[in-house]
Amino acid sequence: MKTRIISGLIMAPLLVILYFRGIPLAIAAFLIGAVGIYELFEGFKKIEIHPNIFVAEGMLILLYLLHFLMPGRLACTMLWTVLAIVTSALSIFAIDKHKLEDALATLLGMIYVGLLSYHMVLIDETSYGIMVWMVVIVAFGTDIAAYFTGYFLGKHKLCPNLSPKKTVEGALGGVIGATVLGIIFGLIFKIQIFPQIILMSIIGSVMSQLGDLTASAFKRKMGIKDYGNLIPGHGGILDRFDSVLFAAPAVYYYLQLAIAK
């Protein structure tokens, strides 16, 4: 616990990126995507699956180039998604060297890590750009609240086959904790959509926990404990930001479907 807390304090100054948003946020999201793809692909290699790192990282660069060259155009994101599917398929044309699983893993890395983390940038370019804070509050707030609730009150296992330490009580505590933090955020910053904050917090918290469990499922299949050791006490980038990958799209699409006019 001590190492996790120290690492968390070391990472705290990174919150300044959320204050400036814009280019600093895009750079941070890109780095999370790039490092996360690398970590995921290294995990795949443990089970003899070899995704094409050059294709995946190249497509990630293209995603951000399209963003800066033609910002705010949904068609660019859709075009990129199509190209991601096409390039991953083309990557196994050398069928004597690559397996079908290699192409599928390549595509998974681009979408699961690259595209989902990019949703932080998509949120930032909306009229509710300040809601990028909501993603971090929901994801990390859920993680912290769930950890301590489970530590002190946890009795019933949530998904013992994926994450033996997670409990039902911890999961509920995570949702409650994220909701309370979301309400505080809405009050402090006087968010005009404050009535929506509660529902957004609940949905985001549930999605962030599903993101955490999804990452755990991958690690179980790969036979690894952590994706890396970049962050002491937390593991790699994916170990720390797995919940953000699911929380960011949840917040973005809630804004688009329930709030945007």
Participant: Which heavy atom of A250 sits nearest a heavy atom of M207, and at what distance?
Facilitator: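 Shortest heavy-atom contact: CB-CG, 3.8 Å.
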Participant: Where the side chain of D239 meets the backbone of Y227, is there a donor-acceptor pair that is under 3.5 Å apart?
Facilitator: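 At least one qualifying donor-acceptor pair exists.
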Participant: Under the salt bridge (charged side-chain N to carboxylate O under 4.0 Å, His left out) definition, can you give me all pairs with a residue in residues 110-119, not counting sequence neighbours?
Facilitator: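 Sorted pair list comes back empty.
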Participant: With sequence neighbours left out, what residues match D212 under salt bridge (Lys or Arg N to Asp or Glu O under 4.0 Å)?
Facilitator: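 Checked D212 against salt bridge (Lys or Arg N to Asp or Glu O under 4.0 Å); matches are K166.
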Participant: Apply salt bridge (Lys or Arg N to Asp or Glu O under 4.0 Å) to K157 and list each qualifying residue two or more places apart in sequence or on a separate chain.
Facilitator: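 Scan of K157 (salt bridge (Lys or Arg N to Asp or Glu O under 4.0 Å), adjacent residues dropped) gives none.
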Participant: Sequence neighbours left out, what passes ring pair (Phe, Tyr, Trp, His ring centres under 6.0 Å) with Y64? Give chain and number order.
Facilitator: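 F30, Y118.
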Participant: List, by chain and then residue number, the residues other than L162 in its hydrophobic cluster (Ile/Leu/Val/Met/Phe/Trp/Tyr, side-chain heavy atoms under 4.5 Å); write none if there are no others.
Facilitator: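 Once heavy-atom contacts under 4.5 Å are chained together, L162 belongs with L158, V168, L172, L213.
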Participant: Would you say that K165 contacts Y151 through its side chain, given a criterion of any heavy-atom pair below 4.5 Å between the two side chains?
Facilitator: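 Counting from C-beta outward, K165 and Y151 never come under 4.5 Å.
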Participant: Which heavy atom of S205 sits nearest a heavy atom of T142, and at what distance?
Facilitator: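 Looking at all heavy atoms of both residues, the shortest contact is OG-OG1, 2.8 Å.
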Participant: Not counting sequence neighbours, list each pair that qualifies as a salt bridge (charged side-chain N to carboxylate O under 4.0 Å, His left out) and has a residue in residues 18-31.
Facilitator: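 Counting only pairs at least two positions apart or across chains, the salt bridge (charged side-chain N to carboxylate O under 4.0 Å, His left out) contacts touching residues 18-31 are R21-D124.
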Participant: If you look only at pairs with a residue in residues 47-58, which of them pass as a side-chain hydrogen bond (donor to acceptor under 3.5 Å, both in side chains), with sequence neighbours excluded?
Facilitator: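 For residues 47-58, and leaving out neighbouring residues, there are no side-chain hydrogen bond (donor to acceptor under 3.5 Å, both in side chains) pairs at all.
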Participant: With the side chain counted from C-beta on, respond yes when D102 and I49 share a heavy-atom pair under 4.5 Å apart, and no when they do not.
Facilitator: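 A side-chain contact under 4.5 Å exists here.
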Participant: Can you list everything that forms a ring pair (Phe, Tyr, Trp, His ring centres under 6.0 Å) with F218? Sequence neighbours excluded, please.
Facilitator: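 For F218, the residues satisfying ring pair (Phe, Tyr, Trp, His ring centres under 6.0 Å) (neighbours in sequence not counted) are Y112.
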Participant: Rest of the hydrophobic cluster containing L100 (Ile/Leu/Val/Met/Phe/Trp/Tyr, side-chain heavy atoms under 4.5 Å)?
Facilitator: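 Under the 4.5 Å side-chain rule, L100 groups with I92, L104.
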Participant: Between S88 and T106, does any side-chain donor sit less than 3.5 Å from a side-chain acceptor?
Facilitator: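 The answer is no; no qualifying pair exists.
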Participant: Could you go through residues 68-84 and list every donor-acceptor pair under 3.5 Å that involves a side-chain atom there, pairing it with any protein atom two or more places apart or in another chain?
Facilitator:
| unit_1 | atom_1 | unit_2 | atom_2 | d |
| --- | --- | --- | --- | --- |
| W80 | NE1 | M59 | O | 2.6 |
| T81 | OG1 | T77 | O | 2.9 |

Participant: Report, one line per pair, each donor and acceptor closer than 3.5 Å where one atom sits in a side chain of residues 33-44; sequence neighbours left out.
Facilitator:
| unit_1 | atom_1 | unit_2 | atom_2 | d |
| --- | --- | --- | --- | --- |
| E39 | OE1 | I237 | N | 3.0 |
| E39 | OE1 | L238 | N | 2.9 |
| E39 | OE2 | I237 | N | 2.9 |
| E42 | OE2 | K45 | NZ | 3.0 |

Participant: According to salt bridge (charged side-chain N to carboxylate O under 4.0 Å, His left out), does anything in residues 146-155 pair up with another residue at least two apart or in another chain? List the pairs.
Facilitator: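 For residues 146-155, and leaving out neighbouring residues, there are no salt bridge (charged side-chain N to carboxylate O under 4.0 Å, His left out) pairs at all.
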